[in-house]
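Right, one structure below, let's go through it.
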Amino acid sequence: MVTRLFLLIAIILFASASCKKELHELSMAKTPYTGNELRIDGYYYSNPTTENNIGIAVFYRDGICMHLFERPESQDTIGFIENEILLNNTLMSRLWSTPSNIGVFKTNKESIEFETWIAGRDITTFSHFGEILNDTTFLLTKWTNNDSGKTYLENLTYRFRHFSPKPDSTNTFIK
């Protein structure tokens, strides 16, 4: 009986340890955004990808960002982003409590770079690179899987939309 109990506990511990995802570190440091290259009093959304997803990016003065791809469930893309994503407390809570789709960003005159975590087998990081066209538009030109080193060329135009109140950027993973 004791042997069976010990075996059961060992199996449970082994299973839970093997399910734990490795959290890869961000290579970019969090730096407060003091520039005016991009407006940050709302969010950015992209034209559709080849898979009909749209990119959604939110930037904060503290240097934190959120970036995710979603497939709109209706023709009303703006309503979907605002009601189903940004005002969805359950989703926002999950994003800020699990390091997925959040990270840090920086701008340098006409360029933008941001690095976010993506949860999969492990929680890896992806770097995104783009060109700032004006304070309400940027072009995402490529992204890199920092784990594999594989780079993907992209051509997504992100446009700004004023939105208030933005979700809070407080999380426990980015210091």
Side-chain angles (χ1 to χ4, degrees), residues 12-35 37-46 49 51 53-73 80-108 111-130 132 138 140-154 156 158 160-161 163-175:
I12 291 171
L13 289 174
F14 178 75
S16 65
S18 65
C19 291
K20 187 169 175 82
K21 295 180 179 193
E22 179 184 350
L23 175 63
H24 296 228
E25 293 294 322
L26 294 173
S27 61
M28 287 177 59
K30 180 180 109 168
T31 306
Y33 177 65
T34 58
E37 296 92 347
L38 290 173
R39 290 188 56 183
I40 62 166
D41 56 332
Y43 63 90
Y44 290 80
Y45 65 98
S46 77
T49 66
E51 294 85 25
N53 294 320
I54 55 167
I56 304 160
V58 183
F59 302 107
Y60 297 88
R61 281 269 172 231
D62 60 4
I64 290 177
C65 69
M66 175 180 69
H67 183 252
L68 63 152
F69 287 98
E70 290 289 332
R71 180 170 293 146
E73 297 171 354
F80 173 78
I81 293 169
E82 294 178 359
N83 296 314
E84 302 299 321
I85 306 294
L86 300 176
L87 293 175
N88 183 333
N89 291 331
T90 303
L91 174 64
M92 287 298 111
S93 177
R94 183 177 48 106
L95 290 177
W96 297 125
S97 64
T98 304
S100 186
N101 304 105
I102 61 171
V104 294
F105 79 100
K106 66 179 176 182
T107 61
N108 185 8
S111 66
I112 182 169
E113 178 181 353
F114 51 96
E115 182 180 15
T116 58
W117 282 294
I118 303 294
R121 188 184 75 228
D122 285 328
I123 303 172
T124 59
T125 65
F126 284 75
S127 293
H128 307 268
F129 304 91
I132 298 173
F138 70 90
L140 188 65
T141 56
K142 70 178 179 177
W143 53 278
T144 301
N145 178 328
N146 294 325
D147 189 39
S148 70
K150 185 165 177 149
T151 296
Y152 305 87
L153 297 180
E154 197 59 79
L156 291 177
Y158 283 72
F160 175 78
R161 176 146 172 103
F163 184 76
S164 182
K166 289 189 333 186
D168 184 23
S169 68
T170 304
N171 67 81
T172 60
F173 301 99
I174 304 171
K175 305 293 181 218

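The closest side-chain heavy-atom distance from Asp147 to Asp122 is not below 4.5 Å. No side-chain heavy atom of Val58 sits under 4.5 Å from any side-chain heavy atom of Phe163. Using a 4.5 Å cut-off on side-chain heavy atoms (C-beta onward), Thr107 and Glu37 make contact. The side-chain heavy atoms of His67 and Trp143, taken from C-beta on, include no pair separated by under 4.5 Å. At a threshold of 4.5 Å between non-hydrogen side-chain atoms, the residues Tyr43 and Lys166 do not count as touching. Leu86 is listed as a side-chain neighbour of Met66, based on a closest heavy-atom distance under 4.5 Å. Proximity of Ile54 to Arg71: side-chain heavy atoms (C-beta onward) are nowhere separated by under 4.5 Å. Using a 4.5 Å heavy-atom cutoff, the side chains of Arg161 and Glu82 are in contact.
Of all the heavy atoms in Ile64 and Lys30, the pair that sits closest is CG1-CD, 3.9 Å. Counting all heavy atoms, side chain and backbone alike, Gly55 lies closest to Ser46 at N-OG, 2.7 Å. Here the shortest heavy-atom pairing between Pro99 and Trp117 reads O-CB, 3.1 Å. When all heavy atoms of Cys65 and Phe59 are compared, the closest pair comes out as CB-CD2, 3.6 Å. Closest approach of Glu115 to Met28, counting heavy atoms only: OE1-N, 2.8 Å. The shortest non-hydrogen separation linking Tyr45 to Ile81 is CB-CD1, 3.5 Å.
Rounding to the nearest 0.5 angstrom, the gap separating the CD1 atom in Ile112 from the CZ atom in Phe129 is 11.5 Å. For the atom pair CG of Asn89 and CG of Leu91, the computed distance is 9.5 Å after rounding to the nearest 0.5 Å. The OH atom of Tyr152 sits 6.5 Å away from atom CZ of Phe126, with the distance rounded to the nearest 0.5 Å. Rounding to the nearest 0.5 Å gives a distance of 11.5 Å between OG1 of Thr49 and CG of Leu140. Note that CG of Leu156 is 10.0 Å distant from OG1 of Thr141, once rounded to the nearest 0.5 Å.
The aromatic rings of His128 and Phe114 lie parallel to each other, with less than 30° between the two planes, well short of the 60° mark.
Partner of Ser127 under the side-chain hydrogen bond (donor to acceptor under 3.5 Å, both in side chains) criterion, out of Asn146, Thr144, Thr151: Asn146 alone. For the side chain to side chain contact (heavy atoms under 4.5 Å, CB included) test with Asn101, the passing option among Ile56, Thr116, Ile118 is Ile118; the others fail.
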Full working for side chain to side chain contact (heavy atoms under 4.5 Å, CB included) between Tyr60 and Ile40: CA-CA 6 Å; Tyr60 297 88; Ile40 62 166; 5.8 Å; no
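Note: Tyr44 and Phe138 meet the aromatic proximity criterion, with ring centroids under 6.0 Å apart.
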